[in-house]
Q: 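Starting off with a structure, shown below.
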Amino acid sequence: MNQPIIETATVRLDADLGGTKQEVIRALARTLVDAGRADDHDALVRDLLAREDKAATGMKGGIAIPHCKSEAVSSPSLAFARLDPPVDFGAKDGPADLVLMIGAPAGGGKEHLKLLATLARNLVRAEFVDSLRAAATAEDAVAAIEKVLAAQEQKASSSSSSSPAPAAPGAGAATTTDGGGAATPTSGDGDAPLRLVAVTACPTGIAHTYMAADSLAQAAQARGVDLQVETQGSAGATALDPGVIEAADAVVFATDVGVRDRGRFAGKPVVEYGVKKAIDAPDRVLDEALAAARDPRARRVSADSGDGSGTAASGASGADEHWARGLQRAVMTGVSYMIPFVAAGGLLLALGFLFAGYDVAFVWQELSTSFTLTDLPGEVWYLDGEIVSAGTAGAEVLTHTGLRLYIGAVLFAIGQAAMGFMIAVLSGYIAYGLADRPGIAPGFVGGALSATLGAGFIGALVTGILAGYLVRWMTTWKTPRWLSGLMPVVLIPLIGSLAIGLLMFLLLGRPLASLTSAMESWLGGMTGSSVILLGVILGLMMCFDLGGPVNKAAYTFATAGLVADNPATLRIMAAVMAAGMVPPLAMGLATVVRKRLFSPAEQENGRAAFLLGASFISEGAIPFAAADPLRVIPSMMAGGAVTGALIMAFSVESYAPHGGLFVVFAISPVWGYLVAILAGTLVACAAVVTAKSARRTPAVAPAAAAEPVAA
């Protein structure tokens with residue numbers, strides 16, 4: 001490297017840098033700026049705190065490793081502080097006295113990231129940590145750090161000329177494989193009858209990914225366990241050899257993000273944890289993996305989980321995951337699978353209205369099945385949802401005729417078919433999220449019965465959850481070997497579907513249908529201030545977590561209850577869609593009107609946010625919220641509340657559940673829709689600009705941070 005990763009100017013020994021991790025991060029970020037390694041202190045701090053918000057960077061043993069990739073960093077850099085007093089960085093065993101802050105350029109090459117990864121993985125080695133605590137001067141600390149980096153460079157250089165032979169299976173070796181293509185083998189003592197493979201990955205892929213890998217490798221070496229680890233980090237990833245995976249008896253996923261190409265491990269017993277568990281308690285993780293390898297009923301990697309979604313069935317984190325977190329994850333799985341049906345079906349309904357007029361909703365089924373391209377409808381009269389003869393008392397005539405009416409009815413029929421799957425899909429994939437593939441059939445049956453009995457999306461939630469937990473329990477049954485093969489394909493679907501069906505018909509169906517009907521009546525009867533309050537609540541929910549569980553709950557509430565001839569449900573849909581467009585539009589506007597408040601990367605995100613907002617993709621504001629949640633999220637909620645209230649006040653109705661500004665043909669009145677979005681966007685933009693303009697000065701002044709404080 002042309003510039004060393006650390007210099008004495010970025011070291012603080014026995015220093016008081018403040019009482020909170022935010023103050024420490026600000027002080028260390030200032031050292032990088034003062035040393036010419038970063039050019040924007042505020043942007044660097046925002047990126048560091050955004051990473052900190054995703055997961056605490058405090059490790060066991062009094063170590064913290066705040067880190068990020070940032071546009072503000074010009075070269076790979078490290079700031080080191082030995083704190084007195086220590087500061088809490090979120091570790092379970094207490095505050096940290098050693099803080100190594102890593103900054104990587106946003107577009108930095110992988111060679112730089114490999115050095116940063118080497119530094120991070122050495123933090124699980126006691127001798128390196130002891131040398132940092134014993135350093136008498138800044139020069140000593142720099143020398144200790146450069147020593148481990150030089151050792152890695154020498155190892156990489158030697159391995160590039162001659163690749164080491166892989167450890168023989170069962171030889172008690174622990175190996176980690178990183179993006180350099182070089183393995184770092186260590187040998188254990190004795191023979192191990194079981195073989196393990198592992199994958200580690202964290203959101204930024206700089207530090208925790210490699211620390212988790214080396215922590216597992218060291219624990220495996222000490223115990224003579226045959227373990228090979230694949231690190232999916234920013235420095236690149238060399239995939240485990242397929243033969244190694246095939247020979248493995250169990251898999252460890254120590255990740256905070258989805259596992260890339262997860263399907264390679266299909267059928268293997270699996271344990272799943274976050275990366276910090278692998279760092280803090282590697283022996284416990286190995287114990288769980290070895291137990292799973294010996295247990296024929298252990299949870300296994302699903303054959304169709306190659307999307308990296310991250311659940312055992314579709315993502316549950318591990319044996320120690322709280323039941324509420326697992327339930328939330330399962331419900332979100334159901335919602336995520338439901339949304340494509342809603343989006344496709346809803347937009348097709350909207351196109352049907354565009355071609356045939358809104359009154360096609362009353363007779364679409366008869367029109368689409370009774371006429372053909374060679375027998376087009378003429379003037380059509382209808383009464384009580386049926387086509388009747390012209391002049392029938394009380395009958396009305398459709399607004400369109402001929403090809404336009406027929407095509408519109410066909411589009412509407414296709415949309416209805418897609419929307420008809422919505423309730424069953426929601427229930428089926430909630431059960432899938434809880435119990436993997438065996439839960440799908442009972443879940444779909446429960447959802448279909450919810451639609452048949454009028455229980456709606458409330459019934460889908462209930463049946464999906466019940467089916468998931470029922471099937472999960474059934475998979476724990478001890479059955480004879482001859483019967484085990486029939487369980488997942490015959491007995492579990494049969495017994496599960498029967499149980500859920502009987503529960504719906506004999507016990508739950510009618511009460512849930514009554515609850516759904518009462519809710520629809522309540523919504524239909526809301527007027528005046530009450531309906532405006534509902535709009536405010538929906539607007540707040542849509543802007544609270546920008547595509548997260550609260551946002552999806554509001555969206556599911558709107559789409560699952562959407563009925564073409566019920567104005568109340570159409571207004572709810574309009575409020576949800578309009579409010580969800582506000583955050584990305586407001587942040588895009590803010591980057592234009594107050595450009596200096598945002599980093600170059602945020603300004604680029606702002607340009608993209610305009611299109612995302614116009615398309616009703618609330619997630620377009622996530623980069624801004626992640627970097628500055630305390631200012632951005634409340635500002636967006638204020639704008640969303642205004643938009644939701646105005647939608648209800650103007651009685652705006654949306655026949656389309658998705659599409660943003662691109663489905664204005666399915667919205668009435670259009671002027672009310674546009675005014676509500678514009679007003680909410682302006683309010684949110686003004687709020688976030690005001691909040692960011694009023695930011696306080698850094699808690700630690702550069703001058704104060706420049707001098708170490710004596711112990």
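All residue numbers in this chain count up from 1 along the given sequence. Not measured: the values here are computed from a predicted model.
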Q: Are Leu461 and Ile430 close enough, and set up right, to give a side-chain contact (heavy atoms from CB on, under 4.5 Å), and what steps lead you there?
A: CA-CA 8 Å; Leu461 290 172; Ile430 289 174; 3.7 Å; yes
Q: Evaluate the side-chain proximity of Leu453 to Leu508: yes if any heavy-atom separation is below 4.5 Å, no if none is.
A: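 A side-chain contact is absent here, since even the closest heavy-atom pair is not under 4.5 Å.
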Q: Could you give the distance from CG (Leu449) to CG (Leu512), rounded to the nearest 0.5 Å?
A: 11.5 Å
Q: Please confirm whether Phe253 and Phe265 have ring centers closer than 6.0 angstrom.
A: yes
Q: Kindly say whether the aromatic ring centers of Phe371 and Tyr406 come within a distance under 6.0 Å.
A: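 That pair fails the under 6.0 Å test.
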Q: Could you report the tightest heavy-atom contact between Ala356 and Gly408, atom names first, then the distance?
A: CB-CA, 3.8 Å
Q: Could you state the interatomic distance from OG (Ser215) to CD1 (Ile279), rounded to the nearest 0.5 Å?
A: 6.5 Å
Q: Closest heavy-atom contact between Pro493 and Ala441?
A: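 Minimum heavy-atom separation between Pro493 and Ala441: CB-CB, 4.0 Å.
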Q: Kindly determine whether Tyr273 and Arg284 satisfy side-chain contact (heavy atoms from CB on, under 4.5 Å), including the steps that lead there.
A: CA-CA 11 Å; Tyr273 292 100; Arg284 178 181 170 185; 4.2 Å; yes
Q: Nearest 0.5 Å, please: how far is CG in Leu470 from OG1 in Thr475?
A: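 Thr475 atom OG1 to Leu470 atom CG measures 10.0 Å (nearest 0.5 Å).
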Q: Are the side chains of Leu216 and Leu227 in touch, meaning some heavy atoms are under 4.5 Å apart?
A: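 Result yes, sub-4.5 Å side-chain heavy-atom pair found.
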Q: Rounded to the nearest 0.5 Å, what's the gap from CG on Asp241 to CD on Glu246? Could you check?
A: 11.0 Å
Q: Indicate the atoms forming the closest heavy-atom contact of Ala431 with Gly439, along with that distance.
A: CB-O, 3.1 Å
Q: Do NZ/NE/NH1/NH2 and the carboxylate oxygens of Glu230 and Arg264 come within less than 4.0 Å?
A: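 Salt bridge present between Glu230 and Arg264.
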Q: Considering only NZ, NE, NH1 and NH2 on the basic side and carboxylate oxygens on the acidic side, decide whether Arg223 and Asp287 come within less than 4.0 Å.
A: yes
Q: Check side-chain contact (heavy atoms from CB on, under 4.5 Å) between Val425 and all other residues, then give those that pass, not counting sequence neighbours.
A: Tyr337, Met338, Phe341, Phe421, Tyr429, Phe444
Q: Applying side-chain contact (heavy atoms from CB on, under 4.5 Å) to Val251 and Leu196, what does each step give before you reach the verdict?
A: CA-CA 6 Å; Val251 182; Leu196 304 179; over 6 Å; no
Q: What do you reckon, is CZ of Phe544 surrounded by more than 12 foreign heavy atoms closer than 6.0 Å?
A: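 Counting neighbours around CZ of Phe544, 12 or fewer heavy atoms of other residues, nucleotides or ligands fall under 6.0 Å, so no.
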Q: Does the Arg195 side chain pair with the main chain of Ala248, one donor and one acceptor, at a distance under 3.5 Å?
A: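 Judged by distance alone, no pair lies under 3.5 Å.
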Q: Measure the CZ-CE distance between Phe412 and Met419 for me, rounded to the nearest 0.5 Å.
A: 9.5 Å
Q: On a heavy-atom basis, which atom in Ala460 and which in Leu426 lie closest, and how many Å separate them?
A: CB-CD2, 3.8 Å
Q: Quick one about Ser427 and Thr463 (side-chain donor to acceptor, distance below 3.5 Å, no hydrogens or angles considered), yes or no?
A: yes
Q: Provide the closest heavy-atom pair for Pro442 versus Val471 in the form atom of the first, atom of the second, distance.
A: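 Heavy atoms only, the tightest pair is CG-CG2, 3.9 Å.
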Q: Mind running side-chain contact (heavy atoms from CB on, under 4.5 Å) on Gln365 and Gln416 for me, showing each step along the way?
A: CA-CA 10 Å; Gln365 189 167 9; Gln416 285 283 17; over 6 Å; no
Q: Please find the pair of heavy atoms, one from Ala435 and one from Pro438, that lie closest to each other, and give the distance.
A: O-CD, 3.5 Å
